[in-house]
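In what follows, chains are A, B, ... by sequence order, proteins preceding strands, each numbered from 1.
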There are 2 protein chains.
Amino acid sequence: MKNPYRHNVVLGVFKLKLKTLNTPSLEEAAAFIKSALLEKATIIIIGECRVDYEGRGASRLELGERFVVIKQDGSVLVHRPTGFSPVNWQPPASVIEVAFRREIGLLVHAVRESPREYLTVVFTRVNLVVSAKLVDAGEFVMYVDEPTMRDVIAETPSLVEEGLRVLAVEKPVGSGKVDLYGVDKNGRPVLVELKRTTATREAAIQLKHYVEAFKREHGQQPRGILVAPAFSPSAIETLLRLGLEYRHVDLKKVWLLVKQKQRKRIPSLEDFSKK
Amino acid sequence: MKNPYRHNVVLGVFKLKLKTLNTPSLEEAAAFIKSALLEKATIIIIGECRVDYEGRGASRLELGERFVVIKQDGSVLVHRPTGFSPVNWQPPASVIEVAFRREIGLLVHAVRESPREYLTVVFTRVNLVVSAKLVDAGEFVMYVDEPTMRDVIAETPSLVEEGLRVLAVEKPVGSGKVDLYGVDKNGRPVLVELKRTTATREAAIQLKHYVEAFKREHGQQPRGILVAPAFSPSAIETLLRLGLEYRHVDLKKVWLLVKQKQRKRIPSLEDFSKK
DNA sequence: CTATGCATGTCGATA
DNA sequence: TATCGACGTGCATAG
């Protein structure tokens, strides 16, 4: 047989280089995957497998149908048919070995140093293997996130309080950095801690830490204001108990200001959805 | 043409039901994916795409080659050729729509309510589509995690301190729960906070919160002990400043005790790896 | 449903 | 390399 792979198809040589291998024997699959690893391709394996992991934690996954992804940087993902998270994985830069063992099956072994971790996938059946050399230089921009929110409020401090003047962002205080530092209309120092999502008790405690560190370092008691779109009950209880303040911020207002700054309008997703 | 799909292959009907579609037109891909969605299959699309997201945040990903997974429960993952994390995603139970638009391309639109979030993938080229009905009832056991560590130490408190008696696990204190509550050999109350990984300043602050809440509720100052395999410098600094204690715990010892309790030995991964 | 805390969290920035 | 804090964190669990 000239070609050791059944149903082997090579497509789009000049663009995405992609190969598929349908219903191979485990031995054929092993050869195909080894070759794809040498090419540093992204590999997707669909079939029936068991998974063992040992490292920072330890787990065992019994037999079932899943798909396994080996990426071009050595990361490995084992995905079940439901759920966002992979059930098992190995981070980038893992060393990957593939072997066929007659008595066991197709082994995909990923090892990582520091911390030392092992992931072993044992396939008892392979339905499909895909190998693809993906080229992806597309820019990724997250344009509504915590840094954005911080910058917008730094430029428009009235969103927090009238008369507030912001003097620094990410000001080092103690062993950390407070999001915003400024003075209020009475000239009193103000520390602002920002949360993009609902603020928890932890955020209140974090702010308290900054307030105390500031007092130790500057000998002056600053106001501490926690700014967030919402607050958990325990956050409010803790804030009041610790003598701190809080302000709601309307994320929609922040977004509006962000979009005003961005000249080129980003098309709404509604434009794509049907009426 | 009887079959609207080129290179359509149906395999393993009695086991994993899998179909592939090679180098389809965008229109063919749309039809194939719609059909697969009706079957509630796991779908993998490999090709060139752009991605927009808007919801809790907002992002745009420019053109590049990726693979997109639509799982049987409505979760969507957009993966670049490197990295553990998907660059974009939609959680389970999202509503998915697929459409072909001559001027735009192949649209995969995933919408989620509460919070309202949109994900739109626009394919300009599709190299491969895979549809697979995966059946996965395999049990997943994580046998070294924080609850395990807590239970082991609860049964063997000498790992923390000689003479310590544990009276409660997950004891409610204030608005949270402390991992272990007990009394030392002198009858003084002890609160133990456990970390499975290196303890940070946050962990120390969390423990302090429990100690203060306990004092408020019981009128008695308890000892607070942070137990972890390692401690960051700022954690130690904070612990000392707050009058708290810390103890190293050897995870290997904990594992040994776990494995002793588990009668059936879990096979080592070394058994699979070559000599 | 919200609130809370763990996670093999991952990831990026920084010292 | 280790530490630190954000994350569209996800996720289970308790109330």
Give B/Asp145 one of three labels, base, sugar-phosphate or nothing, depending on what nucleic acid heavy atoms sit under 4.0 Å from its own.
sugar-phosphate
With nearest nucleotides of DNA chain D determined for B/Gly57 and B/Ser234 from heavy-atom distances, which residue corresponds to the more 5′ nucleotide?
B/Ser234
When you measure from the side chain of B/Tyr53, which nucleotide among D/dG5, D/dC11, D/dG8 comes out closest?
D/dG8
Give the rounded distance in Å between these two atoms: CZ of B/Phe84 and P of C/dT10.
6 Å
Report which part of the nucleic acid B/Ser59 touches: base, sugar-phosphate, or nothing (heavy-atom distance under 4.0 Å, all strands).
nothing
Base, sugar-phosphate alone, or nothing: which one does A/Glu193 contact when heavy atoms must sit under 4.0 Å apart?
sugar-phosphate
Spacing of the C1' atoms in C/dT14 and D/dG8 (rounded, Å):
25 Å
Reckon A/Thr200 touches a base, only the sugar-phosphate, or nothing at all at heavy-atom distances under 4.0 Å?
nothing
Of D/dG10, C/dA3, D/dT3, the nucleotide closest to the side chain of B/Trp89 is D/dG10
Just say parallel, tilted or perpendicular for the rings of A/His248 and A/Tyr246, cut-offs at 30° and 60°.
perpendicular
Can you identify which nucleotide, out of D/dA14, C/dT4, D/dG5, has its nearest atom closest to the A/Gln206 side chain?
D/dG5
Scan side-chain atoms only and decide if A/Asp145 and A/Thr148 contain a donor-acceptor pair under the 3.5 Å cut-off.
yes
Hey, does A/Pro233 reach any base, or is it just sugar-phosphate, or nothing, if we go heavy atoms under 4.0 Å?
sugar-phosphate
Whole-Å gap separating C1' (C/dG5) and CG (B/Leu194)
13 Å
Report which part of the nucleic acid A/Thr197 touches: base, sugar-phosphate, or nothing (heavy-atom distance under 4.0 Å, all strands).
sugar-phosphate
Hey, what's the ring geometry for B/Tyr118 with B/His109, parallel, tilted or perpendicular (30° and 60° as the breaks)?
tilted
Select base, sugar-phosphate, or nothing to describe what B/Gly176 touches, counting heavy atoms under 4.0 Å on all strands.
sugar-phosphate
Interatomic distance, B/Lys195 NZ vs C/dT8 P [rounded to whole Å]
13 Å
Nucleotide C/dG12, atom C1' - distance to NZ of A/Lys177 in whole Å
12 Å
Nearest non-hydrogen partners of A/Gly64 and B/Asp136, listed with the distance:
CA-OD1, 3.6 Å
With no hydrogens and no angle check, do the side chains of A/Asn88 and A/Ser59 hold a donor and an acceptor under 3.5 Å apart?
yes
Quick check for you: among C/dA3, C/dG5, C/dT8, whose closest atom lies nearest to any side-chain atom of A/Arg201?
C/dG5
Quick one: B/Lys171 NZ to C/dT4 P, roughly how many Å, whole number?
19 Å
For D/dC11 versus C/dC11, give the span between their P atoms, rounded off to a whole number of Å.
16 Å
D/dG5, C/dC6, D/dG8: which one has an atom nearest the side-chain heavy atoms of A/Met142?
D/dG8
Less than 4.0 angstrom between a side-chain N/O of A/Ser85 and OP1 or OP2 of D/dG10, yes or no?
no
Note: for B/Pro92 and A/Glu146 on DNA chain D, the residue whose nearest nucleotide lies more 5' is A/Glu146
Candidate nucleotides D/dC11, C/dA7, D/dG8, ranked by approach to the side chain of B/Gln90 - the nearest:
D/dG8
In whole Å, I'd like the distance from the NE2 atom of A/His209 to the P atom of D/dC4.
10 Å
Nearest to side-chain heavy atoms of A/Tyr210, which nucleotide of C/dA7, D/dG5, C/dT4
D/dG5
Interatomic distance, A/Leu207 CG vs D/dG5 P [rounded to whole Å]
14 Å
Answer yes or no: does a side-chain N or O of B/Ser232 lie under 4.0 Å from OP1 or OP2 of D/dC4?
yes
Nucleotide C/dG5, atom C1' - distance to CG of B/Asp179 in whole Å:
9 Å
Are B/Tyr210 and B/Glu193 linked by a side-chain donor-acceptor pair shorter than 3.5 Å?
no
Candidate nucleotides C/dT8, D/dC11, D/dC7, ranked by approach to the side chain of B/Phe140 - the nearest:
C/dT8
Rounded distance in Å between the C1' positions of C/dC6 and C/dT10
14 Å
Would you say the side-chain atoms of B/Thr82 and A/Gln72 include a donor-acceptor pair closer than 3.5 Å?
no
Considering only C/dC6, C/dT10, D/dG8, which nucleotide approaches the side chain of A/Arg56 most closely?
C/dT10
For A/Glu117, report the nucleic acid contact type (base, sugar-phosphate, nothing); a contact means any heavy atom under 4.0 Å.
base
